[in-house]
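Note sheet for the following structure.
As the structure is a computational prediction, the values presented were derived from the model and not from experiment. The sequence lines fix the lettering, A, B, ..., with proteins before strands; numbering per chain opens at 1.
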There are 2 protein chains.
Amino acid sequence: MDKEKEILAAALKLFVEFGFHGTPTSKIAKEAGVANGTLFHYFKTKEDLIVGLYIRIKENLNGYLLSKVDDQSTLETRMKTIYEESLQWALIHRDEFYFIQQFHFSPHLAKVSAEDIEKQTRLHVGLLGEGVKSKIFKSLPVGLIGTILGSQLYGVYQYLVSNDLSASKQKQVIDETFVLLWEMITNIKQ
Amino acid sequence: MDKEKEILAAALKLFVEFGFHGTPTSKIAKEAGVANGTLFHYFKTKEDLIVGLYIRIKENLNGYLLSKVDDQSTLETRMKTIYEESLQWALIHRDEFYFIQQFHFSPHLAKVSAEDIEKQTRLHVGLLGEGVKSKIFKSLPVGLIGTILGSQLYGVYQYLVSNDLSASKQKQVIDETFVLLWEMITNIKQ
DNA sequence: GTCTATATCTCGATAGAC
DNA sequence: GTCTATCGAGATATAGAC
């Protein structure tokens, strides 16, 4: 692993444990096994490091989801894939997932450019627009469906990590909660 | 307003805008109109101030909800009251609500005692337990219902603040999303 | 690119008069 | 309880050798 990646990995680990404030750049450099000055060679400021870490993590998540979604399948299948794989990714990358939330409730969020945000949400926005246009979804504001979906995803994640379930139990919860969600937002009646 | 309250109000405002790290105690004292040393008279450390602020805000929210819930009414009515009034409180106390989330994704969360957490969740835990016991809820883990409820509440809040709706439109969204939620977690079929 | 050494600054917290 | 003044620690960022 090159030094830049070592720095990012060390920063992630320490930020999640001690917060942005509680993590001096000197500790990050030490944990990464590089000199203090080297950190500032790769990232001009501490904030650059924080924002850069956030963008890379989101790119990883999005790339993972894109690799899992089959464009040929139905909307329901694609949405289920996004739902399921987002949770699987979050369970495997817990520090990364926590960091995303931590970052969202920090003033650093304001430093992310509009283009980066658009890139990060394109996949989800496209699917939701399709659901509304095709009348598969209930006639609710698309923004409302999006936030409900996102927040349920996060809620289920919280449940999964706070209860140490077996992999098969985890899968069962993910499947069941997707059905609940799908029944809630679509017109399909049981 | 006494000095202690001035300090807390100033701290809330600045923490929300600049984060915990970006807010020195000197700025809090200045904003509150007190001397630097006075802040440390009321709060031994900066962390004491942060945690104290969190506990007071949660007490305010809980006190508000308790004052709105009528113990004599049905479970559905009580749950709807909690849902609706939580959102109304959040909309009126936006800084406070943001601060709660910000605090939850910070290392300061670990400094809250188990007793304080129990106090803060007693009302919700009681209602959920009642719903499961009386079989009004689907046979899902109570923890799962709780996190889904909490996360949908937060999601709807996000939607309400990011779309500047009229009071009546807000009320409509709150009512509609409660129905969606209630249908999702209960056995009642349409 | 990477290191060591360090400049510069700011912050949290304290001491002590009133 | 409240203020002024300040200490000491530790932070970010830079300079310059290799």
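Backbone-only contact: A/Tyr42 has heavy atoms under 4.0 Å from sugar-phosphate atoms and none from a base.
Using a cutoff of 4.0 Å between basic side-chain nitrogens and carboxylate oxygens, B/Glu84 and B/Lys171 are scored as salt-bridged. Between B/Arg78 and B/Glu130 there is a salt bridge, with a side-chain nitrogen of the basic residue lying less than 4.0 Å from a carboxylate oxygen of the acidic one. A salt bridge links B/Asp175 with B/Lys80; the closest basic N to acidic carboxylate O contact falls under 4.0 Å.
One can place CD1 of A/Ile28 at 17 Å from P of D/dG10, the figure rounded to the nearest angstrom. Remark: C1' of D/dT4 and CZ of B/Phe40 are 15 Å apart, rounded to the nearest angstrom. Look at CG on A/Leu39: it is 13 Å from C1' on D/dA11, rounded to the nearest Å. Atom NE2 of A/His21 is separated from atom P of C/dT10 by 16 Å (rounded to the nearest Å). For A/Glu6 and C/dT2, the CD to C1' distance is 14 Å, given to the nearest whole Å. Distance A/Lys46 NZ to C/dC9 C1': 15 Å, rounded to the nearest Å. For the pair A/Phe20 CZ and D/dT12 P, the interatomic distance rounds to 13 Å; values are reported in whole Å. Atoms CG (B/Asn36) and C1' (D/dT4) sit 10 Å apart, rounded to a whole Å.
With D/dT2, D/dA11, C/dG12 as the candidates, the nucleotide lying closest to the side chain of A/Pro24 is D/dA11. Which of D/dT14, D/dT2, C/dT4 sits closest to the side chain of B/Lys3 comes down to D/dT2. Residue B/Val34 places its side chain closer to D/dC3 than to any other of C/dT2, D/dC3, C/dT4.
Screening A/Leu53, A/Val112, A/Ile57 for a side chain to side chain contact (heavy atoms under 4.5 Å, CB included) involving A/Phe103 leaves a single residue, A/Val112.
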Practice prompt. Apply the test salt bridge (Lys or Arg N to Asp or Glu O under 4.0 Å) to residues B/Lys58 and B/Glu96: give CA-CA distance (whole Å), side-chain angles for both, the deciding distance (0.1 Å), then the verdict.
Written response: CA-CA 9 Å; B/Lys58 291 285 277 190; B/Glu96 283 86 343; over 6 Å; no
Discussion item. A/Ser113 vs A/Asp116, test: side chain to side chain donor-acceptor pair (under 3.5 Å). Steps then yes/no.
Written reply: CA-CA 5 Å; A/Ser113 70; A/Asp116 280 321; 3.1 Å; yes
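Residue A/Thr38 places no side-chain N or O under 4.0 Å from the OP1 or OP2 atom of C/dG1. Within the structure, a side-chain polar atom (N or O) of B/His41 is placed less than 4.0 Å from OP1 or OP2 of D/dG1. Note on B/Lys27: every side-chain N or O is 4.0 Å or more away from OP1 and OP2 of C/dG12.
Rounded to 10 degrees, the angle separating the terminal axes of the helix from C/dG1-D/dC18 to C/dC18-D/dG1 is 0°, with each axis obtained from five end pairs.
In this structure, the ring of A/Tyr54 has its center no less than 6.0 angstrom from the ring center of A/His108.
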